[in-house]
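Worksheet: the structure to be examined is printed underneath.
Chain identifiers are assigned alphabetically (A, B, ...) following the order of the sequence lines, protein sequences preceding nucleic acid strands; residue numbering begins at 1 within each chain. Values in this document were obtained by computation on a predicted structure and should not be read as measured data.
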Amino acid sequence: MENVKKDNNENVILRMNNISKTFGGTKALQNARLSVMAGEVHALMGENGAGKSTMMKILTGTVKADSGEIELNGKKAAISSAADAIKQGISIVNQELSPQPYMTVAENIFLFREHVFAHTGLLNKKVTNSAAQKILDDFGIDIDARTEMCKLSVAQMQMVEIIRAVVFDAKIIILDEPTSSLTNREVDILFTIIKDLKARGIAIIYISHRMEEIFEICDRVTVYRDGCYVDSKDIAKMNNDDLIYLMAGDIVEFAKAEVEIGAEVLSVKGLCGKGFYDISFDVHAGEIVGFYGLVGSGRSETMRAIFGLDSYDRGEIFLNGSQTSIKNARDAINQGIAMIPEDRKLYGLMLHRSIRENSSLASLYKAQKGMLLDEKRETKEVTERLNKLNLKAESIEATALSLSGGNQQKVVLAKWIMTQPKVLIMDEPTRGIDVAAKAQIHNMMCDFAKQGMAIILISSELPEVMNLSDRMFVYYEGKISGEYSREELVKVELAKKAVLTNAFGK
Amino acid sequence: MNKSKLITSKRILQLNLQRYAIGFILIAMIIGMSLVSPVFRTSGNAINILLQVSSNGILAIGMLFVMVTGGIDLSIGSSIALTSVVLGKMLTDVAPGNLWIGIMAAVAVTVLFGSLNGFMISKFNMFPFVVTLATQLVIRGAAYIVGQGASVTLVSPKLRAIGTGKAFGTVPYPVIIFLVIAFIAYILLHKTRFGRYVYAIGGNRLSAISSGINVFRVQMAAYIIMGICAGIAGIITTSRISAAQPNIGIGYETDAIAACVIGGTSFSGGIGNVSGTMIGILMIGVIYNSMNLLQISSYWQTVTKGVLILVAVLLDLLMNKK
């Protein structure tokens with residue numbers, strides 16, 4: 001009741017209703033909504049791929065929604081480009097800042113709003129500098145406006161970007177993971193600035209994974225899951241667990257087929273590299289081992305190193321009991337490791353090439369006849385494999401681009417199954433895939449396990465990992481912070497709480 | 001579900017249209033010219049067109065490999081000149097009278113520079129445009145140094161036969177060499193694992209790496225193939241002018257790139273094929289020939305070619321980006 005009352009309040013500065021967006025075949029948003037009030041700090045939360053960033057891209061005009069409407073100050077608004085969004089008072093400070101590094105702070109702040117001499121139209125450096133310095137001083141930011149941007153620290157650059165938004169008369173400022181590279185003291189300064197902005201009636205949309213920050217600085221939160229709106233709530237009426245539960249959702253139990261667990265296939269001892277420290281685990285034939293944790297917690301980084309995409313500094317990798325070294329993906333594939341990467345468009349597919357070429361790419365040597373390719377055999381094997389995976393496509397000569405997200409993922413899956421791997425690493429295998437295709441992929445994973453493959457499953461979706469894993473590891477800040485057996489995982493509520501506490505820290 | 005299927009078939013139609021459109025345009029041009037000009041429709045003129053495009057066609061075939069990997073090679077015009085002077089040097093000073101050794105040496109030099117381009121681009125991930133822009137100068141300079149800036153007339157009849165001789169008294173050797181190279185390229189690109197990897201690198205480099213492809217080796221190979229083609233084209237050109245000249249081949253890379261692009265090769269890599277490139281090079285040949293026959297100044301030929309490239313690139317963008 002109270003929420004409704006608030007939403008009807010004149011204070012609502014932004015309302016996004018029924019926003020839907022599909023990328024290729026991936027449903028990024030389905031009827032999602034958001035309403036933000038002037039002078040509030042509004043947190044957006046959800047697992048990766050939940051739809052937060054797409055929502056923000058639509059708001060800032062970099063992505064066009066398929067359907068839905070945006071209201072600013074109660075009036076329907078059309079936001080056609082990034083410049084348009086800024087003009088209408090919406091600014092974003094991205095996680096990756098992109099200032100003009102060789103211009104001064106003042107020049108950056110007034111970029112596209114330069115102070116010029118009235119008669120000649122030439123740049124007026126003096127006024128630019130003094131105006132910039134004044135607003136920096138207003139906010140109590142200790143930066144000389146004449147400094148070159150590239151000489152500043154990340155935190156300082158971020159402050160300049162925020163000031164820039166203020167200069168552009170922003171009514172809504174989006175801060176995307178603003179504290180990800182700040183020290184504690186810098187976070188304090190940032191929060192002071194945020195409070196100052198609030199006092200000026202500016203709405204802040206705050207995206208962060210750090211729970212304690214949400215509770216410290218935010219007034220309300222909107223949670224998304226799988227591209228759908230879940231709920232909006234007052235932070236003051238919630239605790240840590242409430243919020244985590246909203247994000248993870250209910251865990252519907254999934255009848256996982258019982259599979260005989262065989263001998264150890266892959267074992268990792270003390271692996272250290274960029275973003276992960278002292279990682280040890282093993283995987284057996286027929287076993288699905290899950291890895292849960294926040295993005296950037298080191299799960300994917302570890303697996304990329306094992307698959308040879310990145311290097312590692314220290315540690316040992318054993319395959320079938322004997323130590324091995326893997327320098328690149330070729331080594332890994334030759335030794336029977338396959339990896340379905342997190343970003344299928346970036347690492348998985350050649351979008352403009354045919355389904356056939358995509359599927360056979362990693363196992364082409366098998367379709368070799370003398371010097372030439374045996375296209376008949378290639379076609380036959382690809383068709384058989386894709387039929388088993390239930391691929392929906394007009395023909396295997398269609399481009400990968402023409403497929404839906406779930407079917408694209410099946411092509412990637414086919415590509416790696418065709419190499420007949422002993423270890424199959426799957427990084428977020430069902431991200432952005434519709435429910436039906438998701439269930440199919442889950443069943444296939446169980447089938448692969450039954451055939452004796454050792455499967456590593458990385459997922460940000462807690463229900464998925466908990467349901468599928470025979471064992472599960474939790475990552476937190478580059479280290480393994482917890483390990484759970486199947487017996488523990490089936491006690492769903494208990495396990496969920498323990499896992500989330502380990503994954504989010506605290 | 002139904003909606004997405006419709007989009008799919010529309011897209012496939014679009015791609016096919018693009019693939020064949022350029023062929024239809026070429027056929028229309030040929031029919032149109034045949035109606036207008038009696039000279040155009042003679043078999044002699046057809047062979048003439050083929051002969052004129054043969055060395056550029058060989059370059060275009062090499063360029064296709066490089067462009068499908070997502071690269072470009074601007075140094076080939078200079079390579080033509082270097083081939084010419086190296087061949088001249090071999091025939092006049094080093095191994096007079098021994099044509100084959102001369103040819104081997106000349107091709108070896110272009111292979112060397114092809115490897116250099118490939119190495120810089122593949123090993124250090126440098127921009128192909130910048131690398132080959134620089135080697136273009138290095139190679140051109142080397143050509144002037146080796147040839148000491150002067151043109152040397154070559155009198156070897158055997159050499160002259162390569163560019164001007166005819167098989168069965170009708171088909172010039174350069175045309176045969178061009179067609180053979182095109183055929184080999186077709187097999188390599190479309191029928192072997194190597195060819196598939198060339199497409200994979202241009203189609204999605206990261207995907208190629210994570211599929212276990214030795215990107216370094218394949219990319220090197222593409223630039224070396226380009227080098228071999230430049231060498232062969234250089235020998236044909238030298239033979240036809242019967243002279244070793246350090247100032248030939250200027251702008252040849254433009255024609256090669258134009259042929260590829262007109263034939264549907266994408267600048268961003270991963271898309272392109274031999275038949276399209278052949279159509280592209282023939283189209284350029286037909287345009288030159290027609291304009292000559294219609295007595296339009298050669299200055300306009302250059303303008304036309306430029307416009308054609310713009311149109312082709314625009315088509316590529318419209319068709320492939322969305």
Side-chain contact, heavy-atom cut-off 4.5 Å: B:I209 with A:N328?
-> no
Contact check, side chains of A:L373 and B:R196, non-hydrogen atoms, under 4.5 Å = yes
Checking [X] against chain B: side chain, backbone, both or neither under 4.5 Å from a heavy atom?
| X | answer |
| --- | --- |
| A:E357 | both |
| A:S363 | neither |
| A:K415 | side chain |
| A:Y365 | both |

For a quick test of reading the model, state the closest non-hydrogen atom pair linking [X] to [Y] and the distance between them.
| X | Y | answer |
| --- | --- | --- |
| B:H190 | A:E375 | O-OE2, 3.3 Å |
| A:R353 | B:I271 | NH1-CA, 3.9 Å |
| A:R330 | B:G212 | CG-O, 2.8 Å |

So the side-chain hydrogen bond (donor to acceptor under 3.5 Å, both in side chains) pairs with at least one residue in residues 198-210 of chain B (sequence neighbours excluded) are B:R205-B:Q219
Heavy-atom pairs under 4.5 Å with chain B are the metric here; pick the option from A:N334, A:I333, A:L346 that has the most.
-> A:L346
Between A:N358, A:L361, A:D331, A:L309, which residue shows the highest count of heavy-atom pairs closer than 4.5 Å to chain B?
-> A:L361
Tell me whether [X] at atom [atom1] has more than 12 heavy atoms from other residues, nucleotides or ligands lying less than 6.0 Å away.
| X | atom1 | answer |
| --- | --- | --- |
| A:M444 | CE | yes |
| B:F129 | CZ | no |
| A:K274 | NZ | no |
| B:Y186 | OH | no |

Toward chain A, the part of B:Y197 with a non-hydrogen atom under 4.5 Å | side chain
Given that the side chain runs from C-beta out, which part of B:I213 has a heavy atom under 4.5 Å from chain A: side chain, backbone, both or neither?
-> both
Residues of residues 55-74 of chain B with a heavy atom under 4.5 Å from any heavy atom of chain A, in residue-number order, are none
